[in-house]
Amino acid sequence: MAGIERIRNVANRVKHEVDRGNEVAVVVSAMSGETDRLVNFCREASPLYDPREYDVVVSSGEQVTSGLLAIVLQSLGVKARSWLGWQLPIRTSDAHASARIEEINSDAISAAMAAGEVAVIPGFQGMTSDERVTTLGRGGSDTSAVAVAAAMQADRCDIYTDVDGVYTTDPRIVPKARKLAKVTYEEMLELASVGAKVLQTRSVGLAMKENVRVQVLSSFDEPTDNPTPGTMIVGEEELEGNAMERQLITGIAYDKNETKVTLVAVPDRPGAVASIFTPLADANINVDMIVQNVAHDSGSTDVTFTVPSAELARSLDVLERERGTIGYDRLIHDTNVAKISVVGVGMRSHAGVAAKMFEALAARGINVLAITTSEIKVSVLIHEDYTELAVRVLHTAYGLDAEDAA
Ligand code: ASP
Ligand code: MG
């Protein structure tokens, strides 16, 4: 949300739903840029801020928009009131700044809604069992919305964002990218975690667990009876009807935030890889792709893997400390890599998806540095300079290009 104009737009949309006879609960986020501003205040106040007080500060952005939206709704003749996280309450864990929702008591808002009042709930915030304010991590309003929808057993959870849906890939790279009418929870999780940042990943996991139908829509469109369809995020069973027409591949994602690490000449013996990955796991470093080469004649092997670039310094630190135990020769890393993933539930029942990917990349001279697969995803690691080319080539290779686009 940005400014009162955007709040008015949201209020009109809510009024439109109310006029159509719907009971509505609205979860709001902060005005755009506001949370960043509040986070910076905390950092300026003290780099070693108390996370409990950080939550008090940053949760206020949503409090402001919830009150303002209620005021604008009232001015339009719609009964409305705000319900802060602690007033429902929305109970969370005590992991300040990234708390998890544990329980929502929706009795009060259900009663208010049944009496014809719109419930306006600030997203992103909750309360611990000892009554301290918490926030759910950046982008957490999406998770609040899904959690409220689940608690109220809502028919649907509409999420209005600054994009109008989920695309087959990033439209800035591929202008022929198509908006997907439906995507499954699992696909969305894979697409979100590999870089298509439309919703907070956690909200998708929650929607899957609670079976909430989530619709992604544009917040820029005017409210109408026939809104431009966004993307519905649904269970796989909802796709079955049109499984035949469905593309084998749903989307292509990329992620430039990983770094490749290689340990040269690790002794080729049982326990060698455990001695690498156990200390990394103990340090809470999330390793993604792993490749181990065949052993050299010398009885050693190279081990390559990726870590989030943000964790590189810590990873190198751990590996240098463990050098004696692991017994490698050299430690090298490369931040100029990108992970390209093709995602689709269709590949469960089809062979040849990976082969097609490798062929398409080879035809353009793009070298593959590492590979991982899951039931519905194939990822390759390539040089970062080829990211855009690879995404475009694969988008065409899997027949995802829109026909009518320029
Ligand atoms: N305002 C919070 C943030 O920017 C939560 C959200 O917008 O989803 O992270
Ligand atoms: Mg958001």
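For this chain, numbers begin at 1 and follow the sequence in order. In each ligand, atom 1 is the first atom listed, and ligand 1 is the first ligand listed.
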Original post:
E131: what forms a salt bridge (charged side-chain N to carboxylate O under 4.0 Å, His left out) with it, not counting sequence neighbours?
Top reply: none
Original post:
Does a donor on one side chain sit under 3.5 Å from an acceptor on the other, for T396 and D401?
Top reply: yes
**OP:** May I ask you to decide whether E117 forms a salt bridge with R81, counting only side-chain N to carboxylate O separations under 4.0 Å?
**Re:** no
**OP:** Report, in ascending order of atom number, the atoms of ligand 1 lying under 4.0 Å from any heavy atom of G139.
**Re:** 3 (C), 5 (C), 6 (C), 8 (O), 9 (O)
Subject >> Test item, G123 contacting ligand 1 (heavy atom, 4.0 angstrom) >> reply: no
Subject >> Interfacing atoms of ligand 1 (cut-off 4.0 Å, heavy-atom, R138) >> reply: 3 (C), 4 (O), 9 (O)
Original post:
Are any of the heavy atoms in G61 under 4.0 Å away from ligand 1?
Top reply: no
Original post:
At a non-hydrogen distance cut-off of under 4.0 Å, which region of E62 contacts ligand 1 (side chain, backbone, both, or neither)?
Top reply: side chain
**OP:** Pick one of side chain, backbone, both or neither for how S141 approaches ligand 1, counting any non-hydrogen atom pair under 4.0 Å.
**Re:** both
**OP:** Using a strict 4.0 Å threshold on nitrogen-to-oxygen distance, state whether E403 and K176 make a salt bridge.
**Re:** no
**OP:** Could you verify whether a donor N or O on one side chain and an acceptor N or O on the other, from D55 and T135, lie under 3.5 Å apart?
**Re:** yes
Original post:
Among P122, S29, G137, which residue places a heavy atom closest to atom 7 (O) of ligand 1?
Top reply: S29
Original post:
Are F220 and Y160 an aromatic pair by the rule of ring centers under 6.0 Å?
Top reply: no
